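Remember, it's a predicted structure, so these values are computed and weren't measured experimentally.
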Amino acid sequence: MRVRLLGPVELADANGTPVAIAAPKRRAVLAALALELNHVVPVERLLDLVWDGDPPPRARTALQGHISALRRLGLELVTRDPGYALLGTDADIDLHLFRSLIAQSATAADDRGAAELLGRALTLWRGAPLADLPSAALRDEVGARIVQDRLAALETWAERKVRLAEGRDTVPALSEAVKAEPFREPLIALLVLALHQADRQRDALDLFHRTRELLDAELGVAPGAPLRAAYETVLRGADQQSATQAAAPAQLPRESAGFVGRDAELAGLDTAAAGPRLALIVGPAGVGKTALALRWAHAHAAAFPGGQLFADLRGFSEAGSPVSTASVLAGFLRAMGPADRTIPADLDERVALYRSLLADRRVLVVLDNVRTVGDVLPLLPSGPGCATVVTTRNLLGGLVAREGAAVLRVEALPAEESHALLAHTVGRSRMAAEATAAAELVRLCEGLPLALRVAGARLAMRPAWTVSELVADLSDEQARLSVLTTDDADSGVEAALRLSYRVLPEPAAALFRLLGLHPGTDVDAWTAAALSGQSYAQATRALGDLASAHLLQETSAGRFARHDLVRLYTVRLAERDLTGAERDAAYDRLLDYYLAVTAVAAESVVSRKQLLYRPGASPAAGMPKVADDTVWFRGEVPAIQALIAACADGPLAGRAWRLASNTMPMYFRTEHVDDWVTVSLAGLRAAESSGEAAGRSRLLTDVGMALCERSDFDEAMPYLHRAVGLADDSGSQEIRYLAVSRLAIGQMETGLTEQARDTMKDALGIARELHDLPLQAAVLNNLGHLLNLLGEHREALESADQARLLTAGMPSTHTHLASLATTAEALHALGRPTEAIAHAHEAGRLSHRYGNPAYEALALRLIGQIQRDLGQEAESAESFRQSLGVLAPLGDRTEADAVAALLDDGPTAGG
């Protein structure tokens with residue numbers, strides 16, 4: 001299928017036959033996906049584009065319908081978190097083919113080849129892009145940017161044709177463009193020259209004079225240097241090629257040896273040179289931005305016969321203040337010919353002279369190590385034949401917004417290219433001799449070229465060292481940054497990070513230091529606010545500043561991670577710059593925050609909220625309001641686990657075990673049972689450190705439950721028995737209830753059914769003494785399940801019914817979902833299939849709604865068994881397959897094997 005965007009949006013088959021898309025919104029969805037070919041477009045972005053920032057309540061449903069309809073037309077549309085992607089090649093989308101041809105033209109061997117490619121690109125246009133879409137965001141905003149791309153291509157094509165003395169061919173297209181853009185001087189200058197080459201000197205001169213009068217009347221300005229130069233060429237009756245030029249400067253520094261990879265980034269620079277002609281290379285310290293810029297600049301120097309200018313602005317340097325714009329301009333002007341005495345002192349006059357000199361030249365300008373947008377703007381050439389490459393650690397959004405810069409993000413090198421870079425310095429044979437150690441060295445350097453070069457230099461200068469010895473030094477986290485430092489101490493990884501840290505705004509710098517205390521892999525703004533004591537808005541800005549400086553990476557919406565070398569630097573900062581009181585206060589805030597937010601997250605799945613622990617006061621910055629507590633919890637698990645382990649010994653142990661206990665409901669009946677065991681054991685260590693009997697009993701109970709969930713029953717039972725003994729010492733009936741009720745479950749799972757019955761009755765008695773209906777419901781359901789196992793189905797039904805009625809107002813809780821399943825099992829056994837399947841369906845519906853896959857899978861299994869007994873073999877097999885599908889990511893092999901056996905036993909197995 002072919003998608004046409006360069007005009008009204010159309011879809012055509014491989015033969016070019018149009019395929020009708022009647023719905024305007026559907027065409028808008030297709031256009032939004034086609035614009036980002038092979039890239040995921042988030043659902044929120046699609047809704048914003050298609051409905052102009054105001055989607056109706058059912059927009060998501062409508063979007064899904066449009067996606068399904070487009071798939072039926074033969075488009076390869078895939079669902080990938082967090083949205084959809086249209087797959088295909090550049091040739092499938094006229095806009096991407098247009099851009100591909102432009103990129104190819106930038107590397108053409110001569111003007112003739114470039115002009116042919118550009119001409120092909122321009123013939124793809126059928127009118128105003130996206131013209132028939134109802135979405136103003138697409139039609140007016142995105143479409144306007146695409147039109148600017150066409151104008152840039154048209155100018156480049158006309159420039160090539162004029163240099164070939166074939167300007168007459170461009171007159172119709174340029175004339176039409178000038179009517180639409182009467183103030184675009186580069187376009188008008190090209191039309192003046194094209195008319196001159198078409199022997200239409202009078203028309204060329206008339207065009208110049210009309211433009212001069214228009215500029216004066218509307219803008220109060222005179223024609224710029226390129227347009228004046230074209231006018232003078234016509235007056236002299238000379239060709240465009242007759243203009244003499246000063247000697248071309250060649251200021252590019254030499255390339256670094258051993259450059260590897262970066263094919264995608266180099267291709268991106270090719271595209272930028274053909275389009276906006278302004279590329280912004282952005283990335284963290286030491287990632288190889290300058291090396292990339294110089295590799296591309298040297299490879300394309302011949303395409304800029306007017307010369308190559310280079311300046312290191314020292315925006316991130318130990319040497320002091322950045323180089324001034326005036327100083328850089330003076331150097332550039334000298335390189336292009338003017339003597340010192342003719343260089344103006346006034347900055348604005350220098351800028352004007354600089355742009356005049358570059359107006360009719362093809363010059364490449366490379367601006368390295370830039371900190372701010374203000375450093376760049378005066379140095380941007382205005383000539384249509386020039387290109388600029390900027391390298392920076394900061395995301396200079398103003399340069400993108402104001403000048404349309406193309407952004408190229410430079411990330412760490414992949415493992416294979418990292419290995420190649422090391423091998424260039426160390427030697428392939430030396431790396432091959434210790435392949436395992438070499439792979440570990442690559443991992444420890446995290447694909448950072450600076451770290452790889454420093455590590456390689458250490459080995460190259462010390463031939464007696466083995467790779468394994470250097471790996472051993474780097475494996476020591478406390479020494480790693482020191483090992484990755486050069487002899488002059490100013491060129492290593494720590495020095496590069498220090499320069500980025502030194503120029504941060506203070507709120508961002510303060511948060512960066514405190515991140516050295518955060519034990520997780522990533523943070524969001526709420527966590528950052530708790531850690532730093534800042535407001536949510538302040539923390540959001542600080543995280544944005546850190547991401548802009550490439551000290552953090554936004555891995556998903558609102559979540560920020562750091563590379564391990566950056567983490568080690570933050571740890572060093574925290575150790576060096578934070579006082580003991582500051583560290584203790586940060587840990588206090590972080591523990592209180594996680595206690596508060598885990599309690600809120602667990603509320604939806606526990607029947608008795610009083611068993612959750614909360615801090616004395618709510619977090620000052622507030623807490624997140626999330627649509628799915630389970631998704632939020634999974635994102636925070638690494639930090640919570642590490643925080644509990646870090647605080648398990650010492651004065652914070654009491655809050656650490658309470659935090660571990662709060663996580664239990666979020667792990668119960670999920671696929672993350674190994675994490676549950678790990679957290680519970682860390683919490684038990686904290687409880688034992690605190691000396692609180694209640695904590696020790698509760699965490700012993702949690703460890704036992706987690707081990708039972710993992711089917712390690714023999715290992716679990718000693719923990720559960722110890723929990724009951726300590727519960728008696730705790731003085732808390734609630735703690736005693738938890739220990740006794742969970743011991744009963746362990747006994748039931750290990751086949752000690754009569755003991756389990758007695759223990760459950762003890763637990764029920766405790767719950768009744770507490771007058772706690774949710775606790776009674778939990779025991780009654782467990783008792784009902786046990787009675788089903790014993791074949792006492794009427795008693796089981798009575799017990800489960802009581803549990804179900806007691807929790808009817810809490811449909812998302814584990815107890816209510818389990819009671820529905822227990823009721824269905826009892827009814828099925830009693831020969832009441834219609835009632836049984838209704839309860840099983842309700843259990844499945846609620847489990848799916850509230851995100852409880854374990855109970856959803858159980859409900860589907862029960863439905864399948866009842867359907868089989870009713871003779872509904874096809875429906876039964878489908879229910880079993882659905883149950884297996886839900887179980888697949890949970891890792892519960894026992895349940896999955898049981899369902900698979902039921903499926904295999906049926907007469908429709910394999911159908």
Side-chain angles (χ1 to χ4, degrees), residues 6 37 89-91 93-125 145-164 166 170 173 186-187 190 226 240 248 250 252 255 259 262-281 292-310 358-367 380-391 400 403-408 410:
L6 301 179
L37 181 66
T89 66
D90 287 346
I93 316 291
D94 58 0
L95 173 60
H96 293 282
L97 178 57
F98 169 75
R99 288 172 173 166
S100 175
L101 290 168
I102 291 172
Q104 292 174 49
S105 73
T107 58
D110 52 29
D111 286 333
R112 175 73 61 197
E116 290 177 357
L117 290 166
L118 289 162
R120 285 175 54 197
L122 292 168
T123 61
L124 297 172
W125 284 70
R145 291 198 294 271
I146 298 174
V147 167
Q148 291 303 310
D149 292 342
R150 179 186 181 275
L151 285 173
L154 177 62
E155 288 175 351
T156 306
W157 171 68
E159 181 185 350
R160 299 274 190 167
K161 294 289 281 185
V162 166
R163 285 213 297 263
L164 292 165
E166 297 174 357
T170 70
L187 196 66
L190 287 166
Q240 169 71 5
L252 296 177
E255 290 187 71
F259 185 92
R262 304 297 192 200
D263 292 341
E265 291 87 347
L266 290 168
L269 285 169
D270 289 344
T271 303
R277 308 189 74 80
L278 173 57
L280 184 63
I281 301 177
L292 171 65
L294 290 177
R295 166 53 63 100
W296 185 87
H298 278 286
H300 293 78
F304 299 94
Q308 305 88 44
L309 299 171
F310 178 90
L358 266 61
D360 54 358
R361 300 189 188 191
R362 293 183 60 79
V363 174
L364 173 64
V365 181
V366 180
L367 304 174
L380 296 179
S382 59
C386 296
T388 307
V389 177
V390 177
T391 76
V400 180
E403 302 295 334
V407 179
L408 285 89
V410 184

Working to the nearest 0.5 Å, report the span between [atom1] of [X] and [atom2] of [Y].
{"X": "Glu159", "Y": "Leu164", "atom1": "CD", "atom2": "CG", "value": "11.0 Å"}
{"X": "Glu155", "Y": "Leu187", "atom1": "CD", "atom2": "CG", "value": "5.0 Å"}
{"X": "Leu117", "Y": "Thr107", "atom1": "CG", "atom2": "OG1", "value": "8.0 Å"}
{"X": "Arg150", "Y": "Phe98", "atom1": "CZ", "atom2": "CZ", "value": "8.0 Å"}
{"X": "Leu408", "Y": "Leu292", "atom1": "CG", "atom2": "CG", "value": "7.5 Å"}
{"X": "His96", "Y": "Leu37", "atom1": "NE2", "atom2": "CG", "value": "4.5 Å"}

Provide the closest heavy-atom pair for [X] versus [Y] in the form atom of the first, atom of the second, distance.
{"X": "Ala173", "Y": "Trp157", "result": "CB-CZ3, 4.2 Å"}
{"X": "Ala302", "Y": "Pro305", "result": "O-CD, 3.9 Å"}
{"X": "Leu269", "Y": "Ala279", "result": "CD2-CB, 3.5 Å"}
{"X": "Ala359", "Y": "Pro226", "result": "CB-CG, 3.4 Å"}
{"X": "Gly113", "Y": "Ala108", "result": "C-CB, 3.9 Å"}

Inset, instruction - Check the pair Ile146, Trp125 against side chain to side chain contact (heavy atoms under 4.5 Å, CB included), reporting the backbone distance first and the verdict last. - result: CA-CA 11 Å; Ile146 298 174; Trp125 284 70; 3.5 Å; yes

Inset, instruction - Kindly write out the residues that satisfy ring pair (Phe, Tyr, Trp, His ring centres under 6.0 Å) with Trp296, not counting sequence neighbours, or none if the list is empty. - result: His300

Is there a side-chain contact between [X] and [Y], using heavy atoms and a 4.5 Å cut-off?
{"X": "Leu124", "Y": "Leu101", "answer": "yes"}
{"X": "Gln308", "Y": "Val365", "answer": "no"}
{"X": "Leu154", "Y": "Leu122", "answer": "yes"}
{"X": "Leu252", "Y": "Leu309", "answer": "no"}
{"X": "Phe310", "Y": "Leu364", "answer": "no"}

Donor-acceptor under 3.5 Å ([X] side chain, [Y] main chain):
{"X": "Arg362", "Y": "Ala303", "value": "yes"}
{"X": "Thr271", "Y": "Ala267", "value": "yes"}
{"X": "Asp94", "Y": "Leu6", "value": "yes"}

Inset, instruction - Using a strict cut-off of less than 4.0 Å between a Lys/Arg side-chain nitrogen and an Asp/Glu carboxylate oxygen, indicate whether Arg99 and Asp90 qualify as a salt bridge. - result: no

Go through the structure and list residues passing side-chain hydrogen bond (donor to acceptor under 3.5 Å, both in side chains) with [X], not counting sequence neighbours.
{"X": "Arg295", "answer": "Glu255"}
{"X": "Asp111", "answer": "Arg160, Arg163"}
{"X": "Ser100", "answer": "Gln104"}
{"X": "Glu116", "answer": "none"}

Inset, instruction - Apply the test side chain to side chain contact (heavy atoms under 4.5 Å, CB included) to residues Leu118 and Ile102: give CA-CA distance (whole Å), side-chain angles for both, the deciding distance (0.1 Å), then the verdict. - result: CA-CA 6 Å; Leu118 289 162; Ile102 291 172; 4.2 Å; yes

Inset, instruction - Any chance you could lay out the side chain to side chain contact (heavy atoms under 4.5 Å, CB included) test for Val400 and Leu280, step after step, and finish with the verdict? - result: CA-CA 8 Å; Val400 180; Leu280 184 63; 4.2 Å; yes

Which atom pairs, one a donor and one an acceptor, fall under 3.5 Å between side chains of residues 382-391 and the rest of the protein, sequence neighbours left out?
residue : atom : partner : partner atom : Å
Thr391  : OG1  : Asp368  : OD1          : 2.4
Thr391  : OG1  : Asn369  : N            : 2.9

